[in-house]
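One structure below.
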Amino acid sequence: MTRTFIDDDIDRRTITIFLTALVCLWGAHFGVRWAPDSFTRLAEMSWWAATQIVFYLVVPMIALAFVGGRPSDIGWKLRGIGSHWRPYGVIFAVAIPFVVIVSRTAEFQDRYPLYEIYRGQSGVWGDLAVWWPLYVLQFVAIESFFRGFLVLGLGRRLGAVSVLVATVPYLMIHLVKPPVEALASIVGGLVMGTLAWRTKSIWWGVAVHVGVAMSMDLLSLGHKGFLW
């Protein structure tokens with residue numbers, strides 16, 4: 001009996017990943033609009049982070065389980081990653097000087113920290129204590145989706161070409177950000193995707209992503225007079 005395209009286990013998984021990605025990208029983009037109008041800024045930002053976590057992490061994990069996959073198939077493993085830190089360390093070391101330079105621009109200051117802070121605002125550090133853990137967790141979701149679910153998930157069928165496939169939507173979610181950052185997302189998507197493909201793990205990518213993002217927030221807070 002001739003085997004059709006959809007009869008193959010790997011192809012069923014590939015189709016499921018693509019269809020799930022469409023749903024997740026739509027939900028992550030529009031989910032913030034479902035927040036009640038009565039929300040405070042902190043509640044609104046927490047809602048945004050929650051939508052990213054749900055659509056970039058929870059939904060893909062459910063879809064993966066549906067086709068018989070495991071979290072380790074999309075980079076959720078720690079074993080053996082101790083020797084993988086060097087290229088990620090280089091990426092972080094190269095990125096930080098650019099972040100420091102760009103952090104002085106008005107466009108950067110208007111955008112960061114992502115949770116808006118203004119002079120004279122009370123309860124800043126209490127709000128940030130709630131916001132930052134959610135911010136970190138949404139980066140876990142981002143890396144799990146783009147470098148894990150898409151790169152490693154699709155890589156079983158597409159090979160290393162999955163890095164290019166995952167970089168396209170990764171750029172698109174950055175188009176609302178400053179042009180330099182959007183341009184950097186192309187390089188970041190290709191480099192981080194390639195490293196995830198080679199190491200079969202997302203965790204050093206998470207560390208770099210969180211490190212750069214927190215540096216951006218702290219630099220912005222410093223320039224606005226909250227740190228010194």
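- One hydrophobic cluster holds both Ile74 and Val208 under the rule that ILVMFWY side chains link at heavy-atom gaps under 4.5 Å.
- Atom CZ of Phe66 has 12 or fewer neighbouring heavy atoms from other residues, nucleotides or ligands inside a 6.0 Å radius.
- By the salt bridge (Lys or Arg N to Asp or Glu O under 4.0 Å) test, Glu44 is found to be paired with Arg41, residues two or more places apart in sequence or in another chain being considered.
- Annotation: the span from Asp217 atom CG to Tyr112 atom OH amounts to 8.0 Å, rounded to 0.5 Å.
- Among residues at least two apart or in separate chains, side chain to side chain donor-acceptor pair (under 3.5 Å) pairs with a member in residues 66-77 are Trp76-Ser144.
- Using bins of under 30°, 30° to 60° and over 60° for the plane-to-plane angle, the ring pair His209/Tyr170 lands in the perpendicular bin.
- Between atom CD1 of residue Ile202 and atom CD1 of residue Ile142 there is a gap of 11.5 Å, rounded to the nearest 0.5 Å.
- Under the 3.5 Å distance criterion, with hydrogens and angles disregarded, a donor-acceptor pair is assigned to the side chains of His223 and Ser103.
- Exactly one of Val130, Leu42, Leu134 qualifies for a side-chain contact (heavy atoms from CB on, under 4.5 Å) with Tyr115. That residue is Leu42.
- Counting heavy atoms of neighbouring residues, nucleotides and ligands inside a 6.0 Å radius, atom CZ of Phe30 exceeds 12 of them.
- Scanning both residues, Glu107 and Pro179, for their nearest heavy atoms gives OE2-CD, 3.4 Å.
- Taking Lys177 as the reference, Glu181 meet the salt bridge (Lys or Arg N to Asp or Glu O under 4.0 Å) condition, with sequence neighbours excluded.
- Taken to the nearest 0.5 Å, the CG atom of Asp127 stands 7.5 Å off from the OG1 atom of Thr40.
- Between the CG atom of Leu128 and the CG atom of Leu221 there is a distance of 6.0 Å, given to the nearest 0.5 Å.
- Taken from CE in Met61 to CZ in Phe149, the straight-line distance is 9.5 Å, to the nearest 0.5 Å.
- Residues Val176 and Arg111 approach most closely at O-NH1, 4.0 Å, considering heavy atoms.
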